[in-house]
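To start, the structure under review is shown below, and the notes come after it.
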Amino acid sequence: MEFAAIFALSLLIGALVVLVAVAVGRQKGELSEQNEQKKDTNAPMEENAAKASSKKQKQQQRPRKEKPQQHTFSHKLLASSLKNHSGSITCLDFSSNGKYLASCSDDRTIRIWSTKDFLDRDHKCLRANVEFDHATLVRFSPDSRAFITWLANGETIRIYKMIKKDDGTFSFKAASEDFPQKHKGIVINIGIAETGKFIMSASVDTTIVIWDLKGEVLATINTNQMTNSHVAVSPCGRFVASCGFTPDVKVWEVCFAKSGEFKEVTRAFDLKGHSAGVYSFDFSNDSRRMVTVSKDGTWKLWDTDVEYKKKQDPYLLRTVPCQVSEGSRIALSPDGRVVAISNGCDIAMYSASTGELEEEFHGVHSEEITDLKFDINNHFLVSSGDRAIHVFHNVTGYRAAIQDMQTMLKKASNDGVRQRLQQQITDAQNALDTVLNATKN
């Protein structure tokens, strides 16, 4: 009996062991299948994650885009390039004393350059910051101690005073208040009369506003030209001229009483002769000559030293064919001897006395030329169109001056006059030789 009981107990224990073993085996099998399924499910996810990580690393390793490089230009008559601006330059102006050149840019600065440094290797400048805005136009005051700007966003005129410091440099202080907003169209130019009696601003919508120096409106002119393309104050400070869609240039006189009070704006004269709209014009320094450039593919030289109050019209002296494009600029040297015209990114220089094409500069700037000016001493022509100002030797001016003085020498009957002219010719020839030798080197 005992043996039978022990045998039965052993069988029971063995059965239990077998059942436990089978259960454990099944559980291991299920866990193994689950792990295999997880592996199969996670494999694509891990593969995608690896690809994403690789792509991110490639993106991080990808080189940064470099800033556009400054346009390079070279020419034997290029005296220097002024490159301190970090944005596109929109306007240039020489001071009346000939010492400074002002430039404004969309980099929110106005730079004041010393003209005596033009031929140096380094070109230092003083910087005036335009707070919360940028200037599109700049003009020096007649005494060269201040300048006015047109603010792009504020759409108004702001005056800056130039305060001379002990070291000879300047600090700049903006006036406490800007001029009121009066223009509805885009302003294309501003100016200060050399007499210091008025300030001019002009917009593309045919409106010209004449201001006093405190920002009060003295008069408003409607040019009736559909659109204005260029407006300027004459160097003598008496006239304001305008050109635009029509083929005429209209000139007004801004009249003041002997006591200094403003009287009126009266029509002075017109320049009539082009067959299409006029892009731009310029005056000689004495306002006795004007030049115009038109869509009709010509530039014209005018004698404006007339008695317009007696109904005398200006004389057309010369018409010369030229290459032009929308926005072409024209500049007349202060002595009236040289004409410079922009055509896109190119510049052509002509003799005013003969109309002959003397020099051509191609690809001067990477963008369309925005301004073109001669310095007051007729030594240089400056241009802007991108982030640089290019300064050219006015070789055409030197040659024209020598030719004019040689003609005068032949006609001179006085010994003193002949000696003086001969000395001037020698000085001019020496200056020209110095420039040409420098360009060779």
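Numbering of residues begins at 1 and proceeds along the displayed sequence.
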Heavy-atom donor-acceptor pair, [X] side chain to [Y] backbone, under 3.5 Å:
X: S280; Y: V293; answer: no
X: K250; Y: T223; answer: yes
X: R289; Y: L301; answer: no
X: S86; Y: D107; answer: no
X: S325; Y: G344; answer: yes
X: S384; Y: C91; answer: no
X: D296; Y: H274; answer: no
X: S80; Y: F118; answer: yes
X: T370; Y: I89; answer: yes

Considering only distance and modelled atom types, tabulate donor-acceptor pairs under 3.5 Å from the side chains of residues 419-426, sequence neighbours left out.
| from | atom 1 | to | atom 2 | distance (Å) |
| --- | --- | --- | --- | --- |
| Q423 | NE2 | D427 | OD1 | 3.0 |
| T426 | OG1 | Q422 | O | 2.9 |

Quick check: are there more than 12 heavy atoms from other residues, nucleotides or ligands sitting under 6.0 Å from [atom1] of [X]?
X: R288; atom1: CZ; result: no
X: E367; atom1: CD; result: yes
X: I186; atom1: CD1; result: no
X: K309; atom1: NZ; result: no
X: R267; atom1: CZ; result: yes

Not counting sequence neighbours, which residues clear side-chain hydrogen bond (donor to acceptor under 3.5 Å, both in side chains) with [X]? List them please.
X: S328; result: none
X: T156; result: none
X: S229; result: none

Not counting sequence neighbours, list each pair that qualifies as a salt bridge (charged side-chain N to carboxylate O under 4.0 Å, His left out) and has a residue in residues 229-249.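 Sorted result for residues 229-249: R238-E253.
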Where at least one partner belongs to residues 109-138, residue pairs that pass salt bridge (charged side-chain N to carboxylate O under 4.0 Å, His left out), sequence neighbours excluded: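 Those involving residues 109-138 do not exist here.
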Results of ring pair (Phe, Tyr, Trp, His ring centres under 6.0 Å) for [X] - residues two or more places apart only:
X: W299; value: Y350
X: H75; value: F361
X: F262; value: F256
X: Y279; value: none

Going by side chain to side chain donor-acceptor pair (under 3.5 Å), name the pairs with one or both residues in residues 186-199, residues two or more places apart or in two chains. R139-N189
Flag the pair F170 / Y100 as yes when their ring centroid distance falls below 6.0 Å, and as no otherwise.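 Yes: the rings meet the under 6.0 Å criterion.
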Between I190 and S201, what is the shortest heavy-atom contact and its length? CG2-CB, 3.9 Å
Minimum heavy-atom distance between C104 and L137, given as atom pair plus value: SG-N, 3.6 Å
Set of residues satisfying salt bridge (charged side-chain N to carboxylate O under 4.0 Å, His left out) with respect to D404, sequence neighbours excluded: R337
Among V249, V291, D313, find the residue that satisfies the side chain to side chain contact (heavy atoms under 4.5 Å, CB included) test when tested with L271.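 So the option named by the test is V249.
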Quick one: which of H362, E360, Q323 gives a side chain to side chain contact (heavy atoms under 4.5 Å, CB included) with D346?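 The single option meeting the side chain to side chain contact (heavy atoms under 4.5 Å, CB included) with D346 is H362.
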Just say parallel, tilted or perpendicular for the rings of H393 and F380, cut-offs at 30° and 60°.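 Rings of H393 and F380: tilted, as their planes differ by 30° to 60°.
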List the steps, then state whether side chain to side chain donor-acceptor pair (under 3.5 Å) holds for H365 with S383. CA-CA 9 Å; H365 296 277; S383 67; 2.9 Å; yes
Could you tell me whether D93 and K373 make a salt bridge, using a distance below 4.0 angstrom between a side-chain N and a carboxylate O? no
